[in-house]
Protein chains: 2
Amino acid sequence: MKINPQSRDDLSAQIAKAIKDAIIQGDLIVDARLPSEAELCAQFQVSRPTVREALKRLAAQSLIRTQRGATGGAFVNRLNFKDAYAQHITTSTLLLSMNAVSFETACEARYALERACAPLAAHRRKAEHLAIMQAEIQHQSQPDLSDAAFCASDVAFHRALVDAAANPVLSYQLAGAVEAMQPLMNIVTFSARDRAKIIALHIRIADAIAAGNGLAADSGLVQLEQETLFLAKTIFDARSA
Amino acid sequence: MKINPQSRDDLSAQIAKAIKDAIIQGDLIVDARLPSEAELCAQFQVSRPTVREALKRLAAQSLIRTQRGATGGAFVNRLNFKDAYAQHITTSTLLLSMNAVSFETACEARYALERACAPLAAHRRKAEHLAIMQAEIQHQSQPDLSDAAFCASDVAFHRALVDAAANPVLSYQLAGAVEAMQPLMNIVTFSARDRAKIIALHIRIADAIAAGNGLAADSGLVQLEQETLFLAKTIFDARSA
DNA sequence: TTTCAATAAATGTCAGACAATTGATGCGCG
DNA sequence: CGCGCATCAATTGTCTGACATTTATTGAAA
């Protein structure tokens with residue numbers, strides 16, 4: 001790996017980058033053991049706390065895992081979809097909340113991506129996903145549900161729709177768009193009539209997916225997007241008045 | 001913030017999580033200054049290296065930035081699209097390379113998502129994006145281009161297409177899908193005829209976008225996906241024989 | 001042969017110190 | 001009174017050394 005001159009970057013950041021590059025480049029394969037902290041100290045000519053800070057940076061990105069004991073050490077982690085999901089959702093959520101992204105922009109992105117899944121989902125849906133969608137529709141129909149719980153159920157419904165496309169890459173990329181919308185939706189209060197409209201569209205979409213009709217599912221999503229935008233607009237207008 | 005019992009997690013991981021939750025929850029807003037390391041030590045009853053490791057974990061995710069000097073300290077960082085892009089692309093790339101995702105799966109996800117952008121791009125494209133697409137087409141047409149350079153230009157073309165949709169959320173979510181494909185494509189060697197086909201489709205797509213014809217762009221993308229899959233299949237079959 | 005304790009290696013944590021950076025303070029001088 | 005400059009103080013960056021904890025290995029005893 002490379003050396004570390006007196007640049008303006010932290011030593012720990014430079015060391016982390018060097019190791020990260022080695023992983024990306026394939027010089028360090030999955031489950032490979034990194035040199036021990038003492039060896040890394042010698043290699044980079046820095047102290048142990050500095051090396052440790054670098055390793056913690058990598059651990060925070062799930063790039064490595066550490067293990068104590070005699071045969072312990074730092075190992076290149078196999079990045080799994082579950083960890084990547086969690087990170088992606090966190091980043092997406094913060095990105096939206098910190099950058100004043102308009103509701104319209106986020107909504108447009110979400111439905112554009114979801115519609116991309118519809119034909120695949122209609123073609124490949126398994127009983128498992130249909131069951132989740134039905135269950136969430138049932139759940140949403142309970143009149144004493146809080147707005148937050150309604151939103152959470154909405155997200156679960158859409159996640160099942162995305163997962164029905166049976167493409168893990170698609171599910172991963174969409175997780176950010178779908179889940180990150182939840183905080184934005186939580187400011188909306190739904191009247192009983194609003195909920196009924198949304199549930200009706202969910203039923204229509206679920207039926208279309210079950211029937212293998214991608215076009216109908218797509219049209220349902222389009223209407224759902226319009227309904228969502230209309231709802232949000234009503235709320236915002238009322239608030240600013 | 002919460003206390004840290006003797007759980008099985010590292011202290012630094014627990015502290016990092018506590019601060020991260022505070023940021024997500026909105027208790028720490030953008031540009032807010034965190035307590036100094038010494039104060040955090042007192043608050044969590046741990047030593048300074050432990051606190052520092054926790055802060056480095058957060059810095060690795062661009063959640064905080066640190067500044068030296070009298071008015072220095074750790075500040076909540078405004079997560080910008082640029083940093084989020086870089087992280088997302090790294091994670092996506094590693095996710096694909098470490099999990100034996102098939103070429104077909106990645107390709108399907110990429111084109112499904114890109115097709116979602118096509119109608120928006122056709123509607124909103126600016127001269128800027130059209131110019132990039134034309135320039136990349138020119139670049140790709142140079143016969144002495146290496147395969148890697150050809151792939152890089154291909155990615156640049158598609159990124160311009162995505163950006164033309166003028167939705168930063170969409171661009172962000174798609175960055176992972178488009179860029180992460182590049183390493184998978186790099187194993188393919190393109191004959192002159194293959195390149196000609198791809199470039200012809202690029203021209204067709206660019207023209208459709210320029211003309212504001214979303215449907216034509218979509219059909220171009222469908223053909224490009226089929227062409228890409230066919231190309232990859234040919235390579236893999238030849239390799240296994 | 002099996003069981004169990006000692007050992008060694010590695011990470012996790014702590015304490016204290018010094019260096020480097022940078023804004024704030026106060027002093028002197030015009 | 002205002003400006004410039006040196007000093008100071010607060011904070012992070014890094015180092016040294018030590019001890020605690022965990023875990024596989026080794027070797028001795030039953």
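Because the structure is predicted, anything quoted here is derived from the model rather than measured. Numbered from 1 within each chain, the chains take letters A, B, ... in sequence-line order.
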Under the side-chain hydrogen bond (donor to acceptor under 3.5 Å, both in side chains) test, which residues partner B:S153, sequence neighbours left out? B:E136, B:Q140
In whole angstroms, how far is the P atom of D:dT16 from the CD atom of A:Q45? 10 Å
I want to check something: taking the side chain as every heavy atom from C-beta on, are A:L161 and A:M133 in contact at a cut-off of under 4.5 Å? yes
Identify every side-chain donor-acceptor pair in residues 65-73 of chain A under 3.5 Å, counting partners at least two apart or on other chains, and give the distances.
from  : atom 1 : to    : atom 2 : distance (Å)
A:R65 : NH1    : A:D31 : OD1    : 3.3
A:R65 : NH1    : A:V76 : O      : 3.3
A:R65 : NH1    : A:N77 : OD1    : 3.3
A:R65 : NH2    : A:D31 : OD1    : 3.0

Taken to the nearest whole Å, CG/B:L55 to C1'/D:dT14 is 15 Å
When rounded to whole Å, the CZ to P distance for the pair B:F75 and D:dT11 reads 10 Å
Out of D:dA18, D:dT16, D:dT12, whichever nucleotide has its closest atom nearest the side chain of A:P49: D:dT16
Would you call B:D237 and B:K233 a salt bridge, taking side-chain N to carboxylate O under 4.0 Å as the test? yes
Rounded to whole Å, CD of A:Q67 lies from P of D:dT25 at a distance of 11 Å
Give the rounded distance in Å between these two atoms: CZ of B:R48 and P of D:dT14. 11 Å
Nucleotides bounding contact with chain B, strand DNA chain C, heavy-atom threshold 4.0 Å: C:dG12 to C:dG23
Report yes if some heavy atom in the side chain of A:H202 is under 4.5 Å from a heavy atom in the side chain of A:H158; otherwise report no. yes
Once you apply a heavy-atom cut-off of 4.0 Å, does A:R65 come out as touching a base, just sugar-phosphate, or nothing? nothing
D:dT23 C1' sits how many Å from A:R68 CZ, rounded? 10 Å
Report yes if at least one side-chain N or O of A:T71 is closer than 4.0 Å to OP1 or OP2 of D:dA24; otherwise report no. no
Protein-nucleotide distance (A:E37, atom CD; D:dA20, atom P), rounded to Å: 18 Å
Do B:T105 and B:E108 pair up side chain to side chain, a donor and an acceptor below 3.5 Å, judged on atom types alone? no
5'-most contact on DNA chain D (nearest-nucleotide basis), A:A70 vs A:E53, goes to A:E53
Measure up the B:H88 and A:H88 rings against each other and bin them: parallel (under 30°), tilted (30 to 60°), perpendicular (over 60°). parallel
